[in-house]
Amino acid sequence: EMIAEFHNRVNYSYHRVDENVFWVMRKEYKTYTNTPTSRAMFIGYMVPKFAWVRIVTITSFSGMKYLVCSCGLFERVGYACRHVYKVRQSFP
């Protein structure tokens, strides 16, 4: 599961709202349909809804900086989500 979260970060993009806040959202993706004459036919691009945006914030505690995501995966299962990995990929 943790490795899947790391690899799925490429399906997301982010927007830096301010110094400590990022919006992370799924990129648009192609959608297909199965037809009787063809196995898969390209329909168009799906653009994810704004409601699916996750907010990643940088918080400081005892001189250390932490990335916290609104999806709460770390709090539920104990490892970082793809949204944090996406932000972490670009900022040291």
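Bear in mind that the values here come from a model prediction, so they are computed numbers and not experimental data. The residues of the chain are indexed from 1 along the displayed sequence.
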In this structure, CH2 of Trp23 is separated from NE2 of His15 (nearest 0.5 Å) by 6.0 Å
Determine whether Tyr12 and Arg82 make a side-chain contact, defined as any pair of heavy atoms from C-beta on separated by less than 4.5 Å.
-> yes
Starting from the C-alpha separation in whole Å, work towards a yes-or-no answer on side-chain contact (heavy atoms from CB on, under 4.5 Å) for Val56 and Val24.
-> CA-CA 7 Å; Val56 177; Val24 181; 3.7 Å; yes
Going by atom type alone, with no hydrogens or angles, which donor-acceptor pairs under 3.5 Å involve a side-chain atom of residues 58-71 and a protein atom two or more places apart or on another chain?
| residue | atom | partner | partner atom | Å |
| --- | --- | --- | --- | --- |
| Ser70 | OG | Ile55 | N | 2.9 |

